[in-house]
Amino acid sequence: LNIILIGPPGSGKGTQAPIIKDDLCLCHLATGDMLRDAVTAGTELGKQAKAIMDRGDLVSDEIVIGLIDDAMKQPECERGILLDGFPRTSVQAQKLDEMLNSKQKSIDRVLEFKVNDDILIERIEGRRIHPASGRSYHTKFNPPKVDGIDDITGESLIQRKDDNAEVLIKRMGAYHGLTAPILDYYRQKNILKTIDAMAEISQVGQQIHESIYNKI
Ligand code: AP5
Ligand code: ZN
């Protein structure tokens with residue numbers, strides 16, 4: 001099963017992804033996490049991406065397509081992939097189809113995380129992440145057991161550099177201008193399902209579970 005999660009910044013993709021991944025034994029591919037890892041590691045790619053991410057613009061199609069192409073070669077990805085944050089432009093969507101077609105594969109389901117823009121600022125400002133795993137928490141909506149500490153590793157949580165009001169406006173602009181238009185591409189293929197991502201975290205999970213199992 002190959003699934004794509006599409007939604008604006010802070011809509012809950014990264015929160016739901018680990019649950020869906022474990023449920024269906026998929027390989028979770030999050031371009032945002034991969035890029036942040038490259039920034040932390042200080043690679044050439046990371047150096048190029050850092051300034052772009054910090055100001056809330058999209059990194060070039062070429063860079064992210066390269067990352068996904070490489071990541072899909074992992075043997076774990078043979079069972080199926082869960083894409084989080086990719087594709088984000090029509091060029092990326094087309095390229096993804098080509099990559100999958102060449103392996104006689106295709107996308108089975110696209111889940112749109114639908115939210116009103118005005119709730120996103122609270123989600124973004126309260127988010128804390130565990131950088132090594134990409135796990136995300138929220139000070140109010142999904143607090144860790146101990147303030148500022150990852151539940152699983154005991155390591156410290158941090159705030160993302162792009163999680164502030166000013167950069168959020170840029171990220172939302174990129175979403176509405178470049179990413180939301182690709183929803184039509186998947187709607188026409190009849191694989192798009194819209195999730196009410198304003199609901200509580202557990203209810204969003206429930207909707208996703210139903211939407212996936214109802215059609216298998
Ligand atoms: P990326 O890391 O993908 O960021 P994003 O798309 O902006 O999405 P977020 O990670 O902010 O949101 P999310 O939906 O995962 O929310 P989460 O579950 O954490 O990309 C970062 C940057 O990298 C981009 O700006 C770009 O520069 C670059 N990039 C990445 N991919 C690219 C690509 N393909 N092409 C080009 N550039 C690319 O939830 C948010 C908060 O809300 C958390 O605190 C969470 O606990 C809380 N929460 C979640 N669900 C709920 C709920 N239902 N109710 C209440 N709170 C909730
Ligand atoms: Zn995310």
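Indexing begins at 1, ligand by ligand and atom by atom, following the structure's order.
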If only atom types and distance count, is the side chain of Lys73 paired as donor or acceptor with the main-chain N or O of Ile68 below 3.5 Å?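 Absent.
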May I have the step-by-step check of salt bridge (Lys or Arg N to Asp or Glu O under 4.0 Å) for Lys13 and Asp84, ending in yes or no? CA-CA 6 Å; Lys13 305 177 296 292; Asp84 161 1; 5.2 Å; no
Is the contact between [X] and ligand 1 made by the side chain, the backbone, both, or neither, using heavy atoms and a 4.0 Å cut-off?
X: Ala199; answer: backbone
X: Glu200; answer: backbone
X: Val59; answer: both

Ligand 1 to Gly126 polar contact by distance, N or O atoms, under 3.5 Å: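 No - when backbone and side-chain N and O of Gly126 are compared with those of ligand 1, no distance drops under 3.5 Å.
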Hey, does Gly85 come in under 3.5 Å of ligand 1, counting only N/O atoms on both sides?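 Yes.
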Side chains of [Y] and [X]: any donor to acceptor distance under 3.5 Å?
X: Glu44; Y: Gln48; result: no
X: Asp33; Y: His28; result: no
X: Tyr185; Y: Asp97; result: yes
X: Asp37; Y: Thr40; result: no

Identify, by atom number and element, the atoms of ligand 1 in contact range of Leu58, meaning under 4.0 Å from any of its heavy atoms.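 So the atoms of ligand 1 that pass are 36 (C), 37 (N).
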Kindly identify the option in [options] whose heavy atom sits closest to [atom].
atom: atom 56 (N) of ligand 1; options: Phe141, Tyr175, Tyr137; value: Phe141
atom: atom 10 (O) of ligand 1; options: Arg160, Arg36, Gln92, His138; value: Arg160
atom: atom 6 (O) of ligand 1; options: Arg171, Arg135, Arg88, Met34; value: Arg88
atom: atom 15 (O) of ligand 1; options: Gly7, Gly14, Ser136; value: Gly14
atom: atom 31 (N) of ligand 1; options: Leu168, Thr31, Leu67; value: Thr31
atom: atom 54 (N) of ligand 1; options: Arg128, Arg123, Glu122, Gln203; value: Arg123

Are Lys105 and Glu78 close enough, and set up right, to give a salt bridge (Lys or Arg N to Asp or Glu O under 4.0 Å), and what steps lead you there? CA-CA 10 Å; Lys105 290 180 179 175; Glu78 278 306 307; 3.4 Å; yes
Option among Lys161, Lys170, Arg171 that satisfies the salt bridge (charged side-chain N to carboxylate O under 4.0 Å, His left out) test with Asp54: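 Exactly one pass, corresponding to Lys161.
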